[in-house]
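Just the heavy atoms: all of them, side chains too, but no hydrogens, waters or symmetry mates, feed the values below. Per chain, numbering begins at 1; letters A, B, ... match sequence-line order.
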Amino acid sequence: GAVVSQHPSRVICKSGTSVKIECRSLDFQATTMFWYRQFPKQSLMLMATSNEGSKATYEQGVEKDKFLINHASLTLSTLTVTSAHPEDSSFYICSAEDSVRNQPQHFGDGTRLSIL
Amino acid sequence: GENVEQHPSTLSVQEGDSAVIKCTYSDSASNYFPWYKQELGKRPQLIIDIRSNVGEKKDQRIAVTLNKTAKHFSLHITETQPEDSAVYFCAASKGSSASKIIFGSGTRLSIRP
């Protein structure tokens with residue numbers, strides 16, 4: 001079963017809306033989670049590394065004021081796409097690593113965001 | 001930072017034949033190389049991985065080889081089946097806790113019946 005839960009799975013909203021996506025580790029604690037974006041027929045591009053209790057680390061070219069990340073607990077990271085526009089429409093996927101059990105990163109099911 | 005290149009971008013093979021996908025990486029500090037299979041609209045699924053202290057790893061019809069000197073690694077699928085049709089991604093990571101994974105560009109594999 002899924003060990004990383006991502007919600008919602010699908011969002012359709014109007015331009016200018018802010019959208020929050022949640023990523024939860026279900027049976028392990030994750031001090032670090034990762035957020036990826038995947039455009040159609042392209043690869044997963046790392047957007048940022050979410051660190052529990054501290055600021056996220058953003059990849060080059062990713063606007064931190066546009067994509068707000070909060071990692072307030074060891075099992076939850078949220079990504080908020082602020083004032084979303086059609087070009088933000090994409091598949092957003094989170095992942096988390098169970099560092100205690102030294103297992104590979106587990107991916108969430110992804111969120112398909114469509115901005116009209 | 002790390003850069004992972006993958007080819008081919010598309011690959012079509014006859015059912016029962018073998019498929020090979022190749023990747024190169026740039027950061028010599030990378031030491032963990034996972035391979036993912038992604039079906040349309042789904043999350044990537046880890047199918048096999050290899051660490052830099054190993055040159056080859058096999059799991060049934062799937063094998064991965066690593067040449068750390070040349071910074072090359074490859075995925076081999078033997079006796080391909082229709083259900084192997086998907087997009088495959090190679091990736092590289094430094095492998096320590098909280099290390100980010102950098103993905104290749106992907107290979108769309110189609111198995112012809």
Side-chain angles (χ1 to χ4, degrees), chain A residues 2-6 9-10 23 28-54 56-62 71 74 77 90-114, chain B residues 1-11 21 23-25 27 30-54 57 59 64 85-110:
Chain A
V3 295
V4 173
S5 173
Q6 189 172 339
S9 58
R10 181 74 193 261
C23 181
F28 63 95
Q29 294 183 332
T31 55
T32 304
M33 294 184 179
F34 303 90
W35 287 97
Y36 295 85
R37 179 169 54 182
Q38 186 177 31
F39 291 109
K41 297 186 179 181
Q42 293 188 24
S43 185
L44 284 80
M45 299 300 296
L46 181 67
M47 299 175 67
T49 302
S50 172
N51 305 298
E52 188 268 334
S54 64
T57 304
Y58 290 82
E59 295 299 302
Q60 190 173 8
V62 178
H71 194 152
L74 287 170
S77 174
S90 189
F91 191 51
Y92 293 85
I93 309 176
C94 70
S95 72
E97 183 177 273
D98 184 350
S99 56
V100 172
R101 286 180 274 192
N102 196 29
Q103 292 182 350
Q105 288 183 25
H106 301 283
F107 285 85
D109 284 333
T111 298
R112 184 157 303 282
L113 176 62
S114 300
Chain B
E2 176 64 276
N3 182 48
V4 179
E5 295 191 356
Q6 181 173 348
H7 58 271
S9 57
T10 60
L11 179 60
I21 301 170
C23 289
T24 61
Y25 62 99
D27 191 344
S30 291
N31 58 10
Y32 174 64
F33 306 93
W35 285 87
Y36 296 90
K37 176 183 180 182
Q38 187 181 33
E39 298 179 353
L40 189 63
K42 302 284 184 65
R43 64 181 167 183
Q45 290 187 308
L46 179 69
I47 56 172
I48 195 167
D49 56 13
I50 191 167
R51 297 193 180 271
S52 60
N53 58 346
V54 176
K57 184 177 178 181
D59 182 5
V64 58
S85 295
V87 179
Y88 291 80
F89 293 98
C90 63
S93 169
K94 291 186 173 61
S96 62
S97 176
S99 290
K100 56 189 179 183
I101 292 176
I102 303 302
F103 284 80
S105 53
T107 297
R108 183 171 299 277
L109 175 63
S110 300

When the 4.5 angstrom heavy-atom criterion is applied to A/Phe107 and chain B, the contacting part is both

Ranked by heavy-atom pairs below 4.5 Å to chain B, first place among A/Ser9, A/Ser43, A/Gly108, A/Pro40 goes to A/Ser43

Whatever's closer than 4.5 Å to a heavy atom in chain A on B/Gln6 counts as neither

dist A/His106:NE2 -> B/Gln45:CD (nearest 0.5 Å) comes out at 12.5 Å

Given A/Met45, A/Gln38, A/Gln6, A/Arg112, the one with more heavy-atom pairs under 4.5 angstrom with chain B than any other is A/Gln38

For A/Val4 and B/Arg43 the tightest heavy-atom approach is O-NH1, 4.3 Å

Original post:
Does any non-hydrogen side-chain atom of A/Leu44 lie less than 4.5 Å from one of B/Gln38?
Top reply: yes

So OG1 of A/Thr49 and NZ of B/Lys100: to nearest 0.5 Å the spacing works out to 6.0 Å

When rounded to the nearest 0.5 Å, the distance separating CD of A/Gln105 from OG of B/Ser93 is 6.5 Å

To the nearest 0.5 Å, atom CD1 of B/Ile101 lies from atom CD of A/Glu97 at 7.5 Å

Residues at least two apart in sequence or cross-chain that pass salt bridge (Lys or Arg N to Asp or Glu O under 4.0 Å) with B/Lys42, listed by chain then number, are none

Is there a side-chain contact between B/Pro44 and A/Ile93 (heavy atoms, below 4.5 Å)? yes

